[in-house]
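Given the structure is predicted, the values throughout are model-derived calculations rather than measurements. Values reported hereafter were calculated over all heavy atoms of this structure, with side chains retained and with hydrogens, waters and symmetry mates removed.
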Amino acid sequence: MKTVPPYRPPPEPPMSSAIARGLVSCHACGLLSQLAGHERGHCPRCHARLHARKPDSISRTWALLILAYILYIPANMLPILESRALLTAESNTIMSGILMFWETGSWMIAALVFIASIVVPLTKLFALTWLLLSVQLRSRSRPYQRTQLYRMIDFIGRWSMLDIYVVALTVTLVQVGSLASIQVGSGALAFGAVVVVTMLAVHTFDPRLIWDAAGTQHD
């Protein structure tokens, strides 16, 4: 009796990207369009300019990222709070505020300020730096994990203003006398600028460049 070999489905064809087929998604309305099929590369629905990738993504992200690193120094070195009493004047940086809360037994507040004002901003800067370097070096390693990392950075960016709220909490909880006056220091302005510039850097980075560099390899 002749045996019938088991059915084996044909191998799936290799996946091709939309850009390889000449298709682009409009950044304004999301319509999928044929880039070469429209005059001057404009969306047929909203007439926005079509781009296969975000224009000058790497250079713009590097510029914003370097600016964020520069601003991060005065954000932590300059005072975020300047308080003046009748005969005394005092200024507090982010780190001195953390140490003040720690020494007075407010360990939870000190940990919150440290995580939101030191750990989170540095983590976003270092992670985005690594993503940029991996794209420029055309790394083919673990594109899925790197994409997940970008999504995590983008998600954290939605809560970046928490850093500013923590600074405001630090200002509020500083004990001052009835005749004292409080002024926000230049460090708070630099810190807010770091938050905004980092959010812009995440927005200008195009995560599709990760897959462009990785090609068809999936680790």
Side-chain angles (χ1 to χ4, degrees), residues 54-133 136 149-207:
K54 293 181 180 179
D56 303 321
S57 173
I58 294 179
S59 59
R60 291 182 180 181
T61 306
W62 268 124
L64 292 170
L65 192 60
I66 293 173
L67 178 59
Y69 275 116
I70 295 174
L71 290 172
Y72 188 79
I73 298 175
N76 287 273
M77 298 297 293
L78 297 178
I80 62 170
L81 171 68
E82 296 176 353
S83 59
R84 291 181 177 85
L86 187 60
L87 298 175
T88 60
E90 184 180 358
S91 60
N92 293 278
T93 63
I94 294 177
M95 187 56 66
S96 66
I98 294 173
L99 295 176
M100 180 194 66
F101 287 128
W102 184 269
E103 292 172 354
T104 56
S106 302
W107 301 325
M108 293 296 295
I109 298 177
L112 177 62
V113 175
F114 179 76
I115 292 174
S117 301
I118 304 296
V119 176
V120 172
L122 279 180
T123 301
K124 290 189 294 184
L125 292 176
F126 290 159
L128 192 55
T129 301
W130 180 65
L131 290 178
L132 279 170
L133 289 175
Q136 285 197 298
L149 176 62
Y150 172 79
R151 291 176 180 174
M152 184 185 70
I153 299 173
D154 186 38
F155 175 78
I156 295 176
R158 302 176 185 179
W159 302 93
S160 292
M161 293 308 296
L162 175 64
D163 304 343
I164 302 298
Y165 297 150
V166 170
V167 174
L169 177 64
T170 305
V171 172
T172 304
L173 293 179
V174 170
Q175 299 294 327
V176 293
S178 58
L179 298 179
S181 62
I182 293 180
Q183 292 182 353
V184 177
S186 54
L189 299 178
F191 188 84
V194 171
V195 174
V196 174
V197 171
T198 306
M199 292 176 63
L200 292 175
V202 174
H203 178 72
T204 55
F205 179 76
D206 197 333

From CA spacing to verdict: side chain to side chain contact (heavy atoms under 4.5 Å, CB included), Leu65, Phe205: CA-CA 10 Å; Leu65 192 60; Phe205 179 76; over 6 Å; no
Would Trp62 and Asp56 count as a side chain to side chain contact (heavy atoms under 4.5 Å, CB included) here? Give the steps. CA-CA 10 Å; Trp62 268 124; Asp56 303 321; over 6 Å; no
Assess whether side chain to side chain contact (heavy atoms under 4.5 Å, CB included) is satisfied between Phe191 and Leu78, documenting all intermediate values. CA-CA 10 Å; Phe191 188 84; Leu78 297 178; over 6 Å; no
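In this structure, the separation between CG on Leu131 and CD1 on Ile58 is 11.5 Å, given to the nearest 0.5 Å. Lys124 NZ to Thr129 OG1: the interatomic distance, rounded to the nearest 0.5 Å, is 12.5 Å. Taken from CG in Leu128 to OG1 in Thr123, the straight-line distance is 12.5 Å, to the nearest 0.5 Å. With rounding to the nearest 0.5 angstrom, the OG1 atom of Thr198 is 11.5 Å from the CD1 atom of Ile156.
Of all non-hydrogen atoms in Ala190 and Leu71, the two that sit nearest each other are CB-O, 4.0 Å. For the residue pair Val194 and Ala68, the shortest heavy atom distance occurs at CG2-O, 3.9 Å. Shortest non-hydrogen contact noted between Tyr72 and Pro121 is CE1-CB, 4.0 Å.
Under the 3.5 Å distance criterion, the side-chain polar atoms of Trp107 are matched with a main-chain donor or acceptor of Trp102. A donor-acceptor pair is defined here as one N or O able to donate and one able to accept, closer than 3.5 Å; such a pair exists between the side chain of Tyr150 and the backbone of Val202.
By the side-chain contact (heavy atoms from CB on, under 4.5 Å) test, Ile70 pairs with Ile66, sequence neighbours left out. Thr204 is linked by a side-chain contact (heavy atoms from CB on, under 4.5 Å) to Arg60, Thr61, Leu64, counting only residues two or more places apart in sequence or in another chain.
In this structure, Met152 and Leu149 have side chains that are in contact, with non-hydrogen atoms separated by less than 4.5 Å.
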